[in-house]
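Worksheet: the structure to be examined is printed underneath.
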Amino acid sequence: MAIPSLFTVFKRAMGPSSSHTLGALRSGLDFRRILSLFPGKLLEGAQVDIELLGSFALTGAGHLTDVAAACGLFGYEMAPGQATMQAFLEEHQKHPLLFGDVKIGFSYPGSLRFNTVEEELEHPNTIRFHLTSSRQESLATVRYISYGGGNLRGPLLDICAPEVEEYRAMIEKKEIKEEPSREKKGAFGAFSHMDEILEYCNREKMRLHEFALLNEEAGGASRMSLYSEIAGLWSIMEKSIEKGLTGRGQLPGRLALQRRAASLYENLIRGIRNWRVMSEEITLAAIYAIGVGEENASGSLVVTAPTCGSAGVVPAVFKVIQEKYHKKKGDIVNALLTAGLFGAVALKNASVSGAYVGCQGEIGVASSMAAAGAAALLGGNIYQIEYAAEVALEHHLGLTCDPIDGLVQIPCIERNAAGAVAALNAVNLALLTDGTHSVSYDSVLDVMIRTGRDMNPKYKETSQGGLATAFISCPNIPYKKKGDGGTAG
Ligand code: SF4
């Protein structure tokens, strides 16, 4: 019942996708842990195959899901300064997959299969690892579900041969640290909705970031480590804005999109093209968000907030407020605690997965997190903060996920700008009231999950509908509508 840790929505990640890239990477790493449990004689001559299903199969190529899963299997850890996943894989695929001195049959891309055959799945982001013996007998099939923001459910042991049965308990022992099921001590195990949190904070005269801190501490974290971890995440967010404003060149993928945050920023700062209808702060927030979106699309290090595809919204909004009002790092950490609390409630009671509920769960939730944190940064009371979050999410309800060519680029990059601007508007509106409002954040989350369930699958990260099937004109590629014998998809 407890509210998940805020580190379920704020994580270091390599772009372009948290569910499709980070989740796949983490599943590969966990399956590597499982392989390491087995004795050499069981693995001798064995073969590993990876099967991508549902949205993973349909958009996995653009999201680097195959690359990430293989990198995880080879032990890629996302350490600072480590090579990109592509460079890491290029190097490792020259060598066999080794456990001790036992070689396991696995090659990239030969051992990966994009299974697009429709199948009833518990969740559209599903990956299976198949382990086959030297006698071509199935030893184990292990499944993982990537349910948004890089969070994994699993390992789920679908096939378990008698030789593997004795390791079942160790296989199923989860080593994935940020699971929301982490037990909470005392009263903090009993909260599950924002309304309950508001009532408690009102009674105890507590700010929302203080509640978030206590919620983390109840899960076993120390206050000092929390502050330093969150401050570290903010540094990565700032860096991704900075790099986004200087990065140039073409983004990966067939769309041949050019990065443009740097030129937008220069045009604004130098007054080259200074006609605009919005204030400088709002324009800057949009450009910062595009910069982070481009960093993410390039496969660079970002912080999920709550996902990679929506990673630009929170940093962009906090950065403009920090610059305008000279906020200190400690204020930003508190704002991140508040934002993380709203994201964690969304993850618990709805979803942050584009493949499950569409983009309302990614950019919509990101916008609500940014609005909540920004309202807190500007001194809003707990009801104004919740109102800001509610307004930001409410007007993203029904937003589809239809990335062109399975890449996290169109509409994703500009959508970060739209989410940031919507968050600032929500904060403005909420702070002009005393916080009294009609619809709660909890209610909007409830509507979001129900809308997501009703949504046609072609609008949920499958690249089978909406913009993903639009005719687009790019300088280098003759794109046609799907079904016209064109090259899209
Ligand atoms: S459209 Fe939205 S949900 Fe879909 S990949 Fe892009 S940012 Fe994520």
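Order of appearance sets the numbers: ligands from 1, and atoms from 1 within every ligand. Side chains included, hydrogens not; waters and symmetry mates left out as well; all remaining heavy atoms used.
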Before we go on, tell me: are the rings of F342 and Y441 under 6.0 Å apart, centre to centre?
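Judged by ring-centre distance (under 6.0 Å), F342 and Y441 do meet the cut-off.
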Taking the six-membered ring for Trp and the full ring for Phe, Tyr or His, determine whether the centres of Y387 and H437 are under 6.0 Å apart.
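Here the rings of H437 and Y387 have centres that are less than 6.0 Å from each other.
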Please confirm whether the backbone N or O of I3 pairs with a side-chain atom of N215, one donor and one acceptor, at under 3.5 Å?
yes
Counting only N and O atoms by type, is there a donor-acceptor contact under 3.5 Å from the side chain of D158 to the main-chain atoms of V142?
no
Nearest non-hydrogen protein atom, atom 2 (Fe) of ligand 1
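That would be C359 SG, 2.3 Å.
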To the nearest 0.1 Å, how far is atom 5 (S) of ligand 1 from its closest protein heavy atom, and which atom is that?
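Here the closest protein heavy atom is C412 SG, 3.7 Å.
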Below 4.0 angstrom from a heavy atom of R415, which ligand 1 atoms are there? Numbered from 1 as shown, please.
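Reading through ligand 1 atom by atom, the close ones are 1 (S).
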Ligand-residue contact atoms, ligand 1 with G309, heavy atoms, under 4.0 Å
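Those atoms are 7 (S).
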Can an N, O or S atom be found in E362 less than 2.8 Å away from atom 8 (Fe) of ligand 1?
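Of the N, O and S atoms in E362, at least one lies under 2.8 Å from atom 8 (Fe) of ligand 1, which means yes.
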Verdict with reasoning, D30 to Y144, per side-chain hydrogen bond (donor to acceptor under 3.5 Å, both in side chains)
CA-CA 10 Å; D30 194 64; Y144 298 86; 2.8 Å; yes
Checking only N/O/S atoms, does C401 have one that is under 2.8 Å from atom 4 (Fe) of ligand 1?
yes
